[in-house]
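In what follows, a structure is listed as structure tokens, so that the remarks can point back to it.
In what follows, chains are A, B, ... by sequence order, proteins preceding strands, each numbered from 1.
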Amino acid sequence: MEDISDQYAPEEVEASAEAHWDEHDAYGATKAAHADDPPFFFVDGPPYTSGQMHLGTAWNKTLKDAVIRYKRMRGHRVTDRPGYDMHGLPIEVKVERELGFDSKRDIEELGVEAFIEECKAFAERNRETMDDDFRSMGVWMDWENPYKTLSPEYMEATWWAFKRVHENGLVKRGKRAINQCPRCETAIADNEVEYHEIESPSIYVKFPLVDREGSLVIWTTTPWTIPANAFVAVDGEMTYRAVRAETDGRSELLYLAEPVVEEVLKKGRYEDYEVVDEVSGDEMVGWEYEHPLADEVPDHVDFEGALQVYTADYVEADRTGLVHSAPGHGQEDFERGRELGLEIFSPVAGNGEFTDEAGKYAGTFVRDANDEIIADLDAKGLLLSSGRHTHRYGQCWRCDTDIVFLATDQWFITVTDIKDELLENIEHSEWYPQWARDNRFRNFVEDAPDWNVSRQRYWGIPLPIWVPEDAGEDLSADDIVVVGTREELAERVDQDVDPEALDLHRPSVDDLTITEGGTTYRRVPDVFDVWIDSSVASWGTLDYPSETADYEELWPADLIIEAHDQTRGWFWSQLGMGTAAVGDVPYRQVLMHGFANDKDGRKMSKSVGNIVTPHEAIERAGRDPLRAYLLSHDQQGADLAFEWDGLADTQATLNILWNVFRFPLPYMRLDGYDPAEADLDDGELSVVDEWVLSRLQSVKAEMTRHWDEYEVHAALNALFDFVTGDVSRFYVKAIRERMWEEEDSASKRGAYAALSTVLLETVRLLAPFTPFLAEEMYQHLDGGETTVHMLSWPEVDPDLHDPDLEANMAVLRNVEEAAANARQQGGRKLRWPVQRIVVETDDDAVAEAVRSLEGLLLDRVNARSLEVVEAFDELVEYAEPQMGVIGPKFGGDAQKVMRAVRGKTREELEGDLADAESARPAVEVDGDVYELEADMVEYRAEPPENVAGADFEGGTVYVDTALTEEIEAEGYARDIVRRVQEMRKQLDLDVEEHIRTRLDVADERVRGFVDRHREFIAEETRTAEFAEGDEFDLDGDGVDSPFDLVERWDVEGVDVTIGIERLGAEEQTA
RNA sequence: GGGCCAAUAGCUCAGUCAGGUUGAGCGCUCGGCUGAUAACCGGGAGGUCCGCGGUUCAAAUCCGCGUUGGCCCA
């Protein structure tokens, strides 16, 4: 057995364990060990390959790793294929930056194929870095074979699923109001829009009414949407006022919501006004108005029903209460416009420039046209007021460009058509924590809109949709062709393609055409929203549909594990895709963990500068400590507030475990005891051994219970409590002496066996959490198998489980703690024995517990005898005068009486002076006897001299600290043993090395005490002989001294000089 | 603006579901023990249970309204 370092050094442990794993292919051995077990299909939620592992992803992968290791130990063949999400706009944007590109035109100039290659290379580079990061955390997944969303097999899974969705009639093309990033020239999803503060124009505009006098007044911050105005919205129930407003001698009739009249007229700097009429919103419906930019935008809407007043529920009584509505430029306007059957007019291109339909403004970027539009309105006398307004506005999550709202043709999965089924399928999975499913997730699914799956970009999975060449605006689902596999593609396209060799990315599929039934179909140029990619992970992990065997055995996933942001992300996309494609949710259990925030619970961010990287944490504390720290906090929905001190504490806890582990090894080695061969039937088990073995059974049961509810942190903390609270604090302390015994003994072998059992099972219980440390300890203790991680999870042994003993020991520990407290009060340190302790309790269970463990208790508290009583009758009652009663009775003498009473015992007060019959207390002051009433004195019971008491749950412990010669003798002897041990330590002597010792005690009486215990001292300190007569050389030059070390000590005020001398090899056996 | 979650000792968190004297670990401090020794044990100090209101004999716990933080959505 190699040497164990004195201190837990995570870096060394991790390097050593890792070397062992590499050398023996421990991962392979572990998988082989469970190859025939029942399957457990875990699916890894693929992290995006944007860069490095951060604390959150480190936590995520650590939790996954712990669960996978646990499931293996419980006897499962676990699917552990990691995944990477490698497509999408973030990578495109980064590659564009690397190449110095500004727009899509640059990409087209470079060539799509070359751009795709750049993106692929970028994603692969990032993946490799992340591979290394995850591996470095000790995550055992199949890193040789990750699933990658950019592989043809994986991409095919999305095609396959999408074809199922189409077959279910849930694929549609339609105009939708979308968020367009004018730089990226693509639609982006609502959840990809980030909000920030911007300053915009704020204008009030008059829309002149047709066929009646006056104008509607609207307010907007986006003048550029006025060319697309189609209607004005009112609140049907709101009151509107027609006011005649005067300024510069002119008067106008304006319509405004009743509560905002004053405010708006002030903005328009009107001098005076008069209310001439009141109408409800409902009454205004159908009023027609002129388009305010009719001349500038000749193609403005003029179809039936346009440019009229309608009601809408998005109208509020602020600004003007009349809302300019352009269905081509806003979500709500769009929805309402659709309801009203209005055509959608959106004269803006994907790059944010006005099209020819915008007339005068054609070719101008929309926000650049704002000033011109405002000027035009002003020139026409339609501008009531113009100012600036600060508000929140959306921008593209990748390039920070402000978005524009457009209505464009997009492809959708119409999940709103299957809402009931989605909600029902939610019930087909168990969530940990459950509230996340029943509240959060359900709410989201209830409100989920149709899923826009098309993006007008390059780096993604091409939509497998082919549409007729001459297709017009109205395209039905029956008209399109959706291809499900590479094989099918090769069969149906007009060109010759090899399905095996096809990359599937753009542009390889862009020019493929299908001709069927006399119609030629062309692929739509879009790629999938990247959420489609990961939504098929349950199939992609199994290479379905190109491979079918695993799919048939395993699907759906038994478990997925992600943070709570994925409620609206991956948890949802899988439910949506699963339900739309095959009618079921692709996972059975969800473990949802939290986010890693900073110590104040705030989000870690570059701008705040509070980011802690896993690399930094590993460097400062180690991999296992970081893992244990992350896993020791609530793993179900709660965020983590990362704290360096907490990480250090976790490391300290592991250090205690390390100490417990290394403490017995030198003794076992001396005795040639192999912990791997530990046999509880060899040797004698004492009550503490039985106890610790029973506790071990309880801990196993508790941990298993927690694990099975995915209360991972509770399982880990139960183990930590056992190791620190039970094993280190109590058990090790209790068996230390047995280890130190020189001779072989049944008792020592019993302790070895019990401790070995505890350690070996603890190591297994620990393995899922801190795999390096567990491995290192296992290899030292046993090493019978290639790795600790291929072993099975320890099971409860009912024969070793004794709950009564555990309960009794809990009582004993309470008593011991109270006794230590009492000793401290009594000023008697533990090294000095006490005559007796008295346990006072009225609880039979407590009395029984204490009696049954008497020997152990006496040993632990270093007492000679134990008494267990219902009431301790040696308490002395001390008087406490009650001035409220004494004062009025004795008047001027009251102070004197009080002083005389205070501190007297009941015996003294009720003794000679008192009336014998009534036993009324009395005191004598200055020769006068004062008789007292009973209520003038209360008593407080205290232990007698030399006895100190302390309460515990269930009673009180009294410690009798009275000294006897015998006790003093033992106390001094033990004090001296302690000093010699200290000196042995200073000389760095081996445990078994013998010494010659000289004791020079300055006090004659104490010398006598010490001499009584020479034999005891010799045995405890491995002193082969005591030296007599030698002169100590206390000058410090050491020349004349035969001793290796001489020291003067103060032992309880007595000068003691001790010399010890290392004996030569030939004398060692003496 | 909306949904969900959280807030308890200096720090990390139990306790909240099912109302009944607020607990643990770490840290601080004083002491003890010690051939696990850079470890270990005991005592002590330390609380507006985020705030306000309600229900109740009784609220950290149940209800309502807020504040702050997190995630998601607008």
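Contact annotation for Arg823(A): no contact, since no heavy-atom pair falls under 4.0 Å across all strands. Among the atoms of the strands shown, only primed sugar atoms or phosphate atoms (P, OP1, OP2) are found under 4.0 Å from some heavy atom of Asn439(A).
Ranking G3(B), C5(B), A36(B) by closeness to the Arg440(A) side chain, first place goes to G3(B). For Arg831(A), the listed nucleotide lying nearest its side chain is C33(B); candidates were A39(B), A36(B), C33(B). Closest to the side chain of Glu817(A), out of G43(B), C33(B), A36(B), is G43(B). Closest to the Ala820(A) side chain, of the nucleotides G42(B), G32(B), A36(B), is G42(B). Closest contact between the side chain of Asn443(A) and the listed nucleotides C4(B), C33(B), C26(B) involves C4(B). Residue Trp435(A) has its side chain nearest to C4(B) when only C4(B), C71(B), C26(B) are considered.
Aromatic ring centres of Tyr673(A) and Tyr667(A): separated by at least 6.0 Å. Centroid-to-centroid, the aromatic rings of His389(A) and Trp219(A) come within less than 6.0 Å.
Contact between the side-chain N/O atoms of Lys603(A) and the OP1/OP2 oxygens of C71(B) is found at a separation under 4.0 Å.
Counting to the nearest Å, the P atom of A36(B) and the OH atom of Tyr667(A) are 4 Å from each other. In this structure, Phe441(A) places its CZ atom 14 Å from C1' of C73(B), rounding to the nearest Å.
Under a cutoff of 6.0 Å and an axis angle of 45°, Arg440(A) and Phe571(A) do not form a cation-pi pair. Taking the centre and axis of the six-membered ring of Trp832(A), the NZ or CZ atom of Arg974(A) falls outside the cone set by 45° and 6.0 Å.
Taking atom P in both A39(B) and G44(B), the straight-line distance is 23 Å, to the nearest Å. A60(B) and U21(B) have their P atoms separated by 10 Å, given to the nearest Å. Comparing the same atom, C1', in G46(B) and in U8(B) gives a spacing of 14 Å after rounding to whole Å.
With respect to the salt-bridge test (charged N to carboxylate O, under 4.0 angstrom), the residues Glu993(A) and Arg1022(A) do not qualify.
One side chain, Thr1023(A) or Thr997(A), offers a donor N or O that lies under 3.5 Å from an acceptor on the other.
Figure legend. C26(B) is base-paired to G10(B); pairs are counted as Watson-Crick or G-U wobble with both atom distances under 3.5 Å.
The base of A39(B) does not come close enough to the side chain of Ser728(A) for any donor and acceptor atom to sit less than 3.5 Å apart.
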Taking only nitrogen or oxygen atoms into account, show me every contact under 3.5 Å that the protein makes with nucleotides 13-22 of chain B, one pair per line with its distance.
none

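Classified by interplanar angle (parallel below 30°, tilted 30° to 60°, perpendicular above 60°), the ring pair Trp691(A)/Phe730(A) is perpendicular.
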